[in-house]
2 protein chains.
Amino acid sequence: MTVTLADVAKRARVGTGTVSRVLNGARNVSQSTRDRVQACILEMGYRPNLVARGLAASRTGMVCALIPAIGAPQHGEVIQGLGDVLHEHGIQVMIGDCGYQPDREEAIVADFLERRPDAFYLTGVVHNAKTRHMLRASGIPIVEGANLTDDPIDCVVGYSNHDAARALTLLMHKRGHRAMAFVASTSEHNDRIGDRLKGYYAACAELGWDSRHLVLENANSFSGGAAAVERVLRHPSQIDLLLCATDVLAVGAIFECQRRGIDVPGRLAIAGFDDLPLAAAINPGLTTVSVDRIAMGRVAGHMLLQRLSGRQGAHAKIDVGFTIRERASTCAGPEA
Amino acid sequence: MTVTLADVAKRARVGTGTVSRVLNGARNVSQSTRDRVQACILEMGYRPNLVARGLAASRTGMVCALIPAIGAPQHGEVIQGLGDVLHEHGIQVMIGDCGYQPDREEAIVADFLERRPDAFYLTGVVHNAKTRHMLRASGIPIVEGANLTDDPIDCVVGYSNHDAARALTLLMHKRGHRAMAFVASTSEHNDRIGDRLKGYYAACAELGWDSRHLVLENANSFSGGAAAVERVLRHPSQIDLLLCATDVLAVGAIFECQRRGIDVPGRLAIAGFDDLPLAAAINPGLTTVSVDRIAMGRVAGHMLLQRLSGRQGAHAKIDVGFTIRERASTCAGPEA
DNA sequence: CTGTTAGCGCCTTCAC
DNA sequence: GTGAAGGCGCTAACAG
């Protein structure tokens, strides 16, 4: 029924090995036979069976990527960059959605490993012991992304969520904001959010705000951001800036302020994190932290390719940095 | 190095066939040997190699899904529903991003087919001839989604984008809107958008608006929606409703109105399509067309499972319907 | 119920 | 440069 490599070999009057060589671009094949074989391939409409190739070569040409939520544009961008680079090398990306749940992540890793991927990409740098163990034991290259750590499973590419939050907090202080509240999203298992909060704490400590920091925690949704506004307005001390752990929370907060007729940033300034397209579009524009996620994905792809090509060592940790985008949702500073 | 099925068999003192049976839950294995084998599997930490299984059984337990843009939450929801159903049956989903480009779709389909997936999910119902041919020739179940057609490759699950746009237009007319403009997104190769426009035309025809329909075309982005507002305001006839082909366009339009101090819906009403979370959060709430995409994905999954289990026939076309969500961005009607 | 035997389609030595 | 042969790890008859 379906035409196999052996069929091609027969038609071209060569051994299967030769066809295989042509297929994989080995140099030691004479031009004439190469041409003949390739003609047959075309004529017969032969398509290699990558499952068989994977078994024989123990290289499947597949890389697994785990993200916490498919449909979240941030992670989509990373995957896009990753895929762009890998596709050029004939590698396909298989995506897993672990929904911010470590045990789901573990299950997916276990499942995916049975498919013998050539490498793995994980979002975040915190994974449970079993997951780390399985991955290490598999012996394939692993890259963790979207944050930084000094103790990666294998290698890591991202930016310091901690430092970004700290820098944003300090900048807002410089701009004149004095009474801040931090709005975290409920996510015990999201290291990026956790580090952003820690970065906020660090900045507070540096500023000498050693007493009760106001920290709220809400679902990472527009209504979660709205709820934060309500809480803050009822707070005894007059909060003048809402530092939201995500743009979604921040946008929800801005919407709520619009509804209540609260001036942003006049009465309450709002900052976010992620620089989604929405951040630039909304009124007022949202001050936020920006990262080139596509580039991050591309770097991840290159790291994997390098590891796959044998060259160990090299960079095991790459910081792609971040940028703070100041927009109208926060004050331009005392001098402005 | 890695433990294989043969290793387990040796340790359990049974044939490889028996281990295979235990693995695949065949009934004809005595409880005692089953227990013994399973003990060995645990002790040795055996994990089956799905690549080898795929080759031997010519079932890979993989389904490929093509979406036009990873990171677009709409498609993420569909994939989520699809994955939920398939995972329960040990099937993994491999996602491809074809970026609204037919030739990229064709290339991805060709690549993916070499991995011998058990089935395929495609977004949309329009694909080029080569793609359709390859898919048909592969002989595996195919389901197309997110729209409807009478000529599916195999089967289709979705809703009529045409009818939804038509219904929305007619409803808006009923609500008192008389001078509409349709804002399409630039996408020659997006059948959903195309059908929405046709549905608008159909409604216009029914309403006797046979003369010059105002139709704009902009990039599917917030700024595209903003640009549409500018165009409409300069239009000689006073447009009172912007029918946007997507929520993103509509939200961009609302933002632009906010900037210009234009009352929505008083001066200009705005409606969208997709019912993103943003539609309910924004001020005013966005009137839009809603579809249960997760459910749609689940239905797609069930269709595939049914096809895979041999039972042909059954439903080859399932309409999951749509709902119009009226919110404050359009008028409540003459009676309100 | 269970062991044995062929492959699945391809890659990869190893001789020629 | 090229053919032949031996697996890769597993499933699926087929005997017993």
Side-chain angles (χ1 to χ4, degrees), chain A residues 1-38 40-41 44-62 90 111 113-118 138-140, chain B residues 1-38 40-41 44-62 90 111 113-118 138-140:
Chain A
M1 166 68 213
T2 87
V3 32
T4 75
L5 180 146
D7 299 330
V8 175
K10 202 175 300 172
R11 178 89 119 79
R13 298 178 173 187
V14 298
T16 60
T18 302
V19 178
S20 178
R21 277 168 215 134
V22 172
L23 244 37
N24 297 293
R27 342 189 43 71
N28 50 347
V29 180
S30 76
Q31 192 58 45
S32 58
T33 54
R34 178 185 300 281
D35 289 345
R36 187 152 36 90
V37 169
Q38 242 147 12
C40 290
I41 288 178
M44 309 178 74
Y46 167 70
R47 307 253 59 185
N49 180 331
L50 297 194
V51 179
R53 173 179 295 175
L55 180 58
S58 50
R59 270 188 314 94
T60 52
M62 258 179 34
D111 283 359
L113 281 175
E114 296 186 345
R115 296 199 181 277
R116 302 298 188 267
D118 294 341
S138 74
I140 61 178
Chain B
M1 166 70 211
T2 88
V3 31
T4 75
L5 180 146
D7 299 330
V8 175
K10 201 176 300 173
R11 177 89 120 76
R13 299 180 171 186
V14 298
T16 60
T18 302
V19 178
S20 177
R21 278 169 215 132
V22 172
L23 244 37
N24 296 294
R27 344 189 42 71
N28 50 347
V29 180
S30 76
Q31 192 58 46
S32 58
T33 54
R34 177 185 300 280
D35 290 345
R36 188 151 37 89
V37 169
Q38 240 145 14
C40 290
I41 288 178
M44 308 178 75
Y46 168 71
R47 306 251 62 183
N49 180 331
L50 297 195
V51 179
R53 174 178 295 174
L55 180 58
S58 51
R59 272 186 311 96
T60 53
M62 258 179 35
D111 283 359
L113 281 175
E114 295 187 346
R115 298 201 181 276
R116 302 296 187 267
D118 294 340
S138 75
I140 61 179

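Letters go in sequence order (proteins before strands), and every chain restarts at 1.
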Using a 4.0 Å heavy-atom cut-off, does Thr33(A) contact any base of the nucleic acid, only the sugar-phosphate backbone, or nothing at all? sugar-phosphate

Base dG3(D) to side chain Arg21(A), donor-acceptor N/O within 3.5 Å cut-off: yes

Does Ser32(A) offer a backbone N or O that forms a donor-acceptor pair with the side chain of Asp35(A) under 3.5 Å? no

Quick one: is dT2(C) close enough that its OP1 or OP2 comes under 4.0 Å of any side-chain N or O from Asn28(B)? no

Which part of the nucleic acid, if any, lies within contact of Asn49(B), taking any heavy atom under 4.0 Å across all strands shown: a base, the sugar-phosphate backbone alone, or nothing? sugar-phosphate

Using a heavy-atom cut-off of 4.0 Å across all strands, would you classify Arg13(B) as base, sugar-phosphate, or nothing? sugar-phosphate

Tell me: CG of Leu55(B) to P of dC8(D), nearest whole Å? 13 Å

Tell me the interatomic distance from Lys10(B), atom NZ, to dT2(C), atom P, rounded to whole angstroms. 20 Å

Would you check if the side chain of Arg115(B) reaches a backbone N or O of Thr60(A) as a donor-acceptor pair within less than 3.5 Å? yes

Expressed as a whole number of angstroms, how long is the span from Leu50(B):CG to dC8(D):C1'? 15 Å

Give, for atom CZ of Arg53(A) and atom CG of Asn24(A), the distance between the pair rounded to the nearest 0.5 Å. 5.0 Å

Between dC8(D) atom P and Arg47(B) atom CZ, what is the distance in whole Å? 21 Å

Looking at dC11(C), I'd like to know if its phosphate oxygens (OP1 or OP2) sit under 4.0 Å from a side-chain N or O belonging to Arg53(A). yes

At 4.0 Å (heavy atoms only), tell me whether Ser20(A) reaches a base, stays on the sugar-phosphate, or touches nothing. base

Answer with base, sugar-phosphate or nothing: what part of the nucleic acid does Arg59(A) contact at a heavy-atom distance below 4.0 Å? nothing

Whichever of Gly15(B) and Thr16(A) has its nearest DNA chain C nucleotide further upstream toward 5': Gly15(B)

Any donor-acceptor pair under 3.5 Å linking the side chain of Arg116(A) with the backbone of Met62(A)? no

Distance criterion of 3.5 Å, no angle test: do you see the side chain of Arg116(B) paired donor-to-acceptor with the base of dG9(C)? no

Taken to the nearest whole Å, CG/Asn24(A) to P/dT12(C) is 7 Å

Separation of dG9(C) P from Tyr46(A) OH (nearest whole Å): 10 Å

So what does Val51(B) touch, heavy atoms closer than 4.0 Å: a base, only the sugar-phosphate, or nothing? nothing

Is Leu5(A) touching bases, backbone alone, or none of the nucleic acid, heavy atoms closer than 4.0 Å? sugar-phosphate

Below 4.0 angstrom from OP1 or OP2 of dG3(C), is there any side-chain N or O of Thr18(B)? yes

I'd like to know if the side chain of Arg36(B) and the backbone of Ala12(B) have a donor-acceptor N/O pair within less than 3.5 Å. yes

For atom CZ of Arg36(B) and atom C1' of dC1(C), their distance in whole Å: 12 Å

Within this structure, what is the CZ-to-P distance between Arg115(B) and dC10(C), rounded to whole angstrom? 14 Å

At 4.0 Å (heavy atoms only), tell me whether Ser30(B) reaches a base, stays on the sugar-phosphate, or touches nothing. sugar-phosphate

Report yes if the side chains of Val22(A) and Thr33(A) come closer than 4.5 Å at any heavy-atom pair, otherwise no. no

Base, sugar-phosphate alone, or nothing: which one does Val14(A) contact when heavy atoms must sit under 4.0 Å apart? sugar-phosphate

